Amino acid sequence: MESLSENGNDNNRGVRVAAVQMASGPSVAANLEEALRLIELAVSQDAKLVVLPEYFCIMGLQDTDKLEVREQPGNGMIQSFLSETAKRFGVWLVGGSVPLVSHVPDKIYNSCLVYDDHGRLVARYDKIHLFGLALGNECFAEERTIKAGDKVVALDSPFGRIGLSICYDLRFPELYRIMGKVDIILAPSAFTAITGRAHWETLIRARAIENQAYVIAPAQGGFHVSGRETNGDSMIVDPWGVVIDRLARGPGVVVASLDQAYQSSVRASLPALEHRCLYPC
């Protein structure tokens, strides 16, 4: 079976996909300008599916800043940017997370939005698992400003069936099992430096291995104006758990090719998805 791993590293056939890494700040306009530059870089490398990180459009000075730029579904500068850019370049474009209004006045939905190559919104996923951490000087409580979603989302695309998730969702493998068989998992993130160093790669590779899926994991990576440090290490991992490409820190893109024949060979040689015995009650 070692040859499967080797083939994964030579995964140079099929559609090209990109994970965009950013170090976003408090200005939406500046972040969109930087996102455009990086999308252009991905497109220049023939990417047809481009995925932006969580909070690509704003990493504020404080958690409540994202409430000030929240948008109504289907209306707003951030959503217009995603739609127009997808159509302009003829690519599928994923806004890792966009702050959308919720019915709770002081909370937003942290929503992953997928646009097709005509600029049409084809899927929306509202982050279900909300991050909480109290470790030394690190303290986060997303539930204070985010309303949790309650729907698991997977969609069909020209590249295969795609499962949507955001950041902290990676710690909950049952989410991906509920999706059924997916070919690609998206995991746009803004992992903290401390949790990222400990768990990021392990979680990404585990989700790839157990679902025998490609995982595209764009991340925030660097120091932010607020003083926060994010882990970075954006990566694309193949169904055998091999990291095809990665970027440690700073803005940039990670690009790789998805090989459906290789993925099928992994699933045929080790049919773990067919061997599953335990199901939710």
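No hydrogens, no waters, no symmetry mates; every other heavy atom, side chains included, goes into these values. If you're wondering where the values come from, they're calculated on a predicted model, not measured in any experiment.
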Asker: Taking the side chain as C-beta and beyond, is there a heavy-atom pair between T85 and V50 under 4.5 Å?
Answerer: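 The answer is no, as the side chains (C-beta and beyond) never meet within the 4.5 Å cut-off.
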Asker: Give, for atom CG of L258 and atom CD1 of I236, the distance between the pair rounded to the nearest 0.5 Å.
Answerer: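 The CG atom of L258 sits 7.5 Å away from the CD1 atom of I236.
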Asker: Is there a donor-acceptor pair closer than 3.5 Å between any side-chain N or O of R16 and the backbone N or O of D46?
Answerer: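 No, R16 side chain to D46 backbone: no donor-acceptor pair under 3.5 Å.
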Asker: Is R161 salt-bridged to D183, cutoff N-O under 4.0 Å?
Answerer: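 No, no charged N to carboxylate O under 4.0 Å.
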Asker: When you measure from the side chain of R267 to the backbone N and O of Q212, does any donor-acceptor pair fall under 3.5 Å?
Answerer: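 Yes, because the side chain of R267 sits within donor-acceptor range (under 3.5 Å) of the backbone of Q212.
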Asker: Got Y109 and V98 here, is their nearest side-chain heavy-atom distance under 4.5 Å?
Answerer: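 Not in contact.
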Asker: Nearest 0.5 angstrom please: D259 CG to S265 OG, how far?
Answerer: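 Output value for this atom pair is 7.5 Å.
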Asker: How many angstroms lie between OG in S257 and NZ in K48, if you round to the nearest 0.5 Å?
Answerer: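 The NZ atom of K48 is 11.5 Å from OG of S257, to the nearest 0.5 Å.
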Asker: If you measure from CD1 on I166 to CG on L186, what distance do you get to the nearest 0.5 Å?
Answerer: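 Going from the CD1 atom of I166 to the CG atom of L186 covers 10.0 Å.
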Asker: So does E33 pair up with R37, basic N to acidic O under 4.0 Å?
Answerer: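 Salt bridge absent between E33 and R37.
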Asker: Relative to F223, does R249 satisfy both conditions: NZ or CZ under 6.0 angstrom from the six-membered ring centre, and within 45 degrees of the ring's axis?
Answerer: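 Yes, R249 and F223 form such a contact.
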Asker: Would you check if the side chain of T230 reaches a backbone N or O of Q220 as a donor-acceptor pair within less than 3.5 Å?
Answerer: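 Yes; at least one donor-acceptor contact below 3.5 Å.
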Asker: Step by step, work out the side-chain contact (heavy atoms from CB on, under 4.5 Å) result for L170 and S189.
Answerer: CA-CA 9 Å; L170 283 166; S189 300; 4.2 Å; yes
Asker: Drop me the distance from S27's OG to M59's CE, to the nearest 0.5 angstrom.
Answerer: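 S27 atom OG to M59 atom CE measures 14.0 Å (nearest 0.5 Å).
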Asker: Any side-chain to backbone donor/acceptor pair from W240 onto V266? Under 3.5 Å, distance only.
Answerer: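 Here the side-chain-to-backbone pair does not exist.
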Asker: Does this structure show an ion pair linking E274 with K181, if we count only N-O contacts that are shorter than 4.0 Å?
Answerer: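 A salt bridge links E274 with K181.
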Asker: Any donor-acceptor pair under 3.5 Å linking the side chain of Q260 with the backbone of G14?
Answerer: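 No, the answer is negative, given that no donor and acceptor are paired below the 3.5 Å cut-off.
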Asker: Any chance you could measure S24, atom OG, to N31, atom CG, to the nearest 0.5 Å?
Answerer: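 With rounding to 0.5 Å, OG (S24) is 4.0 Å from CG (N31).
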Asker: Could you check if a side-chain atom of D126 sits within less than 4.5 angstrom of a side-chain atom of N110, using non-hydrogen atoms only?
Answerer: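 Answer no - side chains too far apart.
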Asker: Tell me yes or no: between the side chains of Y176 and S165, is some donor less than 3.5 Å from an acceptor?
Answerer: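 A donor-acceptor contact under 3.5 Å links the two side chains.
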Asker: Has R144 got more than 12 heavy atoms of other residues, nucleotides or ligands less than 6.0 Å from its CZ?
Answerer: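 No.
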Asker: Going by atom types alone, do E229 and T192 pair a side-chain donor with an acceptor below 3.5 Å?
Answerer: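 Looking only at side-chain atoms, T192 and E229 do not form any donor-acceptor pair under 3.5 Å.
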Asker: Please determine if R88 and D117 form a salt bridge, counting it only when a charged side-chain N lies under 4.0 Å from a carboxylate O.
Answerer: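 No, no charged N to carboxylate O under 4.0 Å.
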Asker: Decide yes or no for D65 and I58: does some side-chain heavy atom of the first lie under 4.5 Å from some side-chain heavy atom of the second?
Answerer: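 Answer yes - side chains close enough.
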Asker: Take F172 and Y168 through the ring pair (Phe, Tyr, Trp, His ring centres under 6.0 Å) test and state the conclusion after the steps.
Answerer: CA-CA 8 Å; F172 303 91; Y168 194 48; 5.3 Å; yes
Asker: Does a side-chain N-to-carboxylate-O contact under 4.0 Å join K127 and E142?
Answerer: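 Salt bridge: yes.
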Asker: Using a 4.5 Å cut-off on heavy atoms from C-beta on, say whether the side chain of V114 contacts that of L164.
Answerer: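 Side chain of L164 against side chain of V114, heavy atoms only: contact under 4.5 Å found.
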Asker: Quick one: does any side-chain atom of K107 pair with a main-chain N or O of E143 as donor and acceptor, under 3.5 Å?
Answerer: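 Yes; judged by distance alone, with no hydrogens or angles, the pair exists.
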Asker: Do the side-chain N and O atoms of S97 and E54 include a donor-acceptor pair separated by under 3.5 angstrom?
Answerer: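 No, because no side-chain N or O of S97 sits under 3.5 Å from a partner of the opposite role on E54.
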Asker: Using the ring pair (Phe, Tyr, Trp, His ring centres under 6.0 Å) rule, take W92 and F159 through it: C-alpha gap first, then chi angles, then the decisive distance, then the call.
Answerer: CA-CA 10 Å; W92 281 55; F159 325 112; 5.7 Å; yes
Asker: I'd like to know if the side chain of Q79 reaches the main chain of G74, judged simply by a donor and an acceptor atom lying under 3.5 Å from each other, with no hydrogens or angles considered.
Answerer: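 Answer holds: yes.
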Asker: Taking D169 for the side chain and H129 for the main chain, is one N or O donor matched with an acceptor at less than 3.5 Å?
Answerer: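 At least one qualifying donor-acceptor pair exists.
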Asker: Yes or no on side-chain hydrogen bond (donor to acceptor under 3.5 Å, both in side chains) for N211 and R177, after CA distance, side-chain angles and deciding distance?
Answerer: CA-CA 8 Å; N211 294 287; R177 285 295 193 231; 3.3 Å; yes
Asker: Do E201 and R246 sit within salt-bridge range, that is, some charged N less than 4.0 Å from a carboxylate O?
Answerer: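 Yes.
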Asker: Without swapping roles, check the side chain of R70 against the backbone of L67 for a donor-acceptor pair under 3.5 Å.
Answerer: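 Such a contact is found between R70 side chain and L67 backbone.
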Asker: Do E84 side-chain atoms and G119 backbone N/O form a donor-acceptor pair below 3.5 Å?
Answerer: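 Here the side-chain-to-backbone pair does not exist.
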